[in-house]
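For reference, the structure is listed below as structure tokens.
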Number of protein chains: 2
Amino acid sequence: MQIKNIIEEKNLKLTAARRELLEIFNFEQRPLCFEDIKDKINMDKATFYRNILMFEKESIVRGFESNDKKRYYEIQGSAHSHFICNLCNDIECLDEVRPKKLSGYTIVDTIYKGICKVCNKES
Amino acid sequence: MQIKNIIEEKNLKLTAARRELLEIFNFEQRPLCFEDIKDKINMDKATFYRNILMFEKESIVRGFESNDKKRYYEIQGSAHSHFICNLCNDIECLDEVRPKKLSGYTIVDTIYKGICKVCNKES
DNA sequence: AGATTCGTGCGAGTAAGTTGCATTTAAGTA
DNA sequence: TACTTAAATGCAACTTACTCGCACGAATCT
């Protein structure tokens, strides 16, 4: 879907900041934090966080905390889990063969933490 | 195992702060952040975080980030997962029937995020 | 008991994220 | 297209979880 449509569908103003933000998330297809974004476009952090808040409310992006005290955001698409390495802090996306179910609970994200392939080889 | 033994086994000095800290973690058997601790004992935050760092290095406790930008710590015991509610931020411990395995990776913690039983009922 | 090393508390510092406010901009209306 | 208005942006100040340097105090060794 086009960025323009995503924004207009939710009755949000189509601003340059929002278009650029969603273009990056759409292109990268992986969790990004503000630091990642500001290397790519010139945007005030207040603008970033306010728009992210709106995108989260509108279910356009979803965020989670990583090891490094930073929140990472990702555009909503096919459901998948994340693996966060405790050593290198790298975040990987994983497709779930058999998504976990828990009666009474709604699971929207699953995060595995541990040691990734690369770090396992190095130690 | 006795708190005293845990500490001496790792060749750490047995101080009042360390004993009290581990007593709380041992008694509560659930993830706690500094805020939770400081309500129970009088301890400087620097002392808390420095000891936690040491406990983590010695694999006595393990920590993870929650939704609320705070890090929660738990004494190491039987392996289990955690569920964090996106609405009320409550953290629950879950026993895994079939722990996830990923070839090449070492999984030490699994965190499910979503909406808990209580919040699901309320909405 | 005395010496030494390590832990503690205090205060200041760091960095991610938030908020208030003045200015700018998107989008509806004439 | 110009006008209006509601909302978005950028800046600076603030908040808060956490870290660091340093002087003092306490645990362990001999």
Side-chain angles (χ1 to χ4, degrees), chain A residues 2-24 31-58 60-74 84 86 89 91, chain B residues 2-24 31-58 60-74 84 86 89 91:
Chain A
Q2 294 283 53
I3 302 299
K4 195 168 175 281
N5 296 349
I6 299 176
I7 292 177
E8 286 176 350
E9 200 173 65
K10 307 284 185 179
N11 287 316
L12 303 178
K13 255 195 203 172
L14 179 66
T15 65
R18 289 182 181 162
R19 192 166 19 76
E20 288 176 89
L21 252 186
L22 287 184
E23 270 164 9
I24 292 175
L32 302 167
C33 64
F34 172 63
E35 253 204 325
D36 299 326
I37 296 287
K38 77 159 196 246
D39 293 341
K40 298 177 202 296
I41 48 174
N42 198 327
M43 177 179 295
D44 189 75
K45 55 183 174 174
T47 305
F48 173 81
Y49 289 114
R50 277 189 286 231
N51 276 320
I52 284 291
L53 199 74
M54 175 140 289
F55 291 161
E56 281 198 290
K57 206 162 62 186
E58 299 291 345
I60 298 171
V61 306
R62 196 188 289 145
F64 59 89
E65 313 279 331
S66 182
N67 278 345
D68 54 6
K69 303 241 127 264
K70 283 185 264 183
R71 208 168 155 84
Y72 285 76
Y73 308 92
E74 196 178 29
I84 303 177
N86 287 338
N89 283 340
I91 303 174
Chain B
Q2 294 283 51
I3 302 298
K4 195 166 175 281
N5 296 349
I6 298 176
I7 292 178
E8 286 175 350
E9 201 173 64
K10 307 285 185 178
N11 288 317
L12 302 178
K13 256 193 200 173
L14 179 66
T15 65
R18 289 181 181 163
R19 191 168 19 77
E20 287 177 89
L21 251 187
L22 288 184
E23 270 165 6
I24 291 175
L32 302 167
C33 65
F34 172 63
E35 254 204 325
D36 299 326
I37 296 288
K38 79 161 195 247
D39 292 342
K40 298 176 201 298
I41 48 175
N42 198 329
M43 177 178 299
D44 189 75
K45 56 186 170 171
T47 305
F48 173 81
Y49 288 114
R50 276 188 289 233
N51 277 319
I52 284 290
L53 198 74
M54 175 140 290
F55 291 161
E56 280 198 290
K57 206 161 63 187
E58 299 291 345
I60 298 170
V61 306
R62 196 187 289 145
F64 59 89
E65 314 279 332
S66 182
N67 279 346
D68 54 6
K69 305 238 127 265
K70 284 186 264 183
R71 209 170 153 81
Y72 285 76
Y73 308 93
E74 196 179 32
I84 303 177
N86 287 338
N89 282 340
I91 302 174

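Just so we're on the same page: letters track the sequence lines, and every chain starts at 1.
- The side chain of A:K45 approaches C:dT18 more closely than any other nucleotide in the set D:dG10, C:dT18, D:dA17.
- The nearest whole Å value for the distance from the CG atom in B:L53 to the C1' atom in C:dT8 is 16 Å.
- Picking from D:dT19, D:dT9, D:dT28 the nucleotide with the shortest atom distance to the side chain of B:L14 gives D:dT28.
- Across all strands, B:A46 comes closer than 4.0 Å to base atoms (heavy-atom distances).
- B:R18 has a side-chain polar atom (N or O) that falls below the 4.0 Å cut-off from OP1 or OP2 of C:dG7.
- Side-chain nitrogen and oxygen atoms of A:Y49 include none within less than 4.0 Å of the OP1 or OP2 phosphate oxygen of C:dT18.
- For A:K4, the NZ atom sits in a loose shell: 12 or fewer heavy atoms of surrounding residues, nucleotides or ligands are nearer than 6.0 Å.
- Taking atom CG of residue B:N51 and atom P of nucleotide D:dC20, one finds them 15 Å apart after rounding to whole Å.
- Using a cutoff of 4.0 Å between basic side-chain nitrogens and carboxylate oxygens, A:E56 and A:R71 are scored as salt-bridged.
- Nucleic acid contact for B:R50: base, since at least one base atom lies under 4.0 Å from a heavy atom of the residue.
- Within the 4.0 Å cut-off from OP1 or OP2 of D:dG10, not a single side-chain nitrogen or oxygen of A:N42 is found.
- Here C:dG17 presents its P atom at 13 Å from CG of B:D68, a figure rounded to the nearest Å.
- If you take CG of A:L21 and P of D:dA8, they are 14 Å apart, rounded to a whole angstrom.
- Heavy-atom neighbours of A:D39 CG from other residues, nucleotides or ligands within 6.0 Å: above the threshold of 12.
- Note: A:Y73 and A:Y49 have perpendicular aromatic rings, judged against thresholds of 30 and 60 degrees for the angle between ring planes.
- In the set C:dG17, C:dG9, D:dA17, D:dA17 carries the atom at the smallest distance from any side-chain atom of A:K69.
- Atom CD1 in B:I52 sits about 15 Å away from atom C1' in C:dT8, given to the nearest Å.
- For B:D44 and B:A16, each mapped to the nucleotide of DNA chain D holding its nearest heavy atom, the one lying further toward the 5' end belongs to B:D44.
- Computed from coordinates, the A:I7 CD1 to D:dA8 C1' distance equals 12 Å when rounded to whole Å.
- Distances shorter than 4.0 Å separate some side-chain N or O of A:T15 from OP1 or OP2 on D:dT9.
- Screening A:R18, A:E58, A:Q2 for a side chain to side chain contact (heavy atoms under 4.5 Å, CB included) with A:I7, the sole residue that qualifies is A:R18.
- Remark: P of C:dA27 and CD of A:E8 are 7 Å apart, rounded to the nearest angstrom.
- Counting atom types as modelled, B:K13 pairs a side-chain N or O with a base atom of C:dT5 as donor and acceptor under 3.5 Å.
- If you measure from atom CG of B:N11 to atom P of C:dC6, you get 12 Å, rounded to the nearest angstrom.
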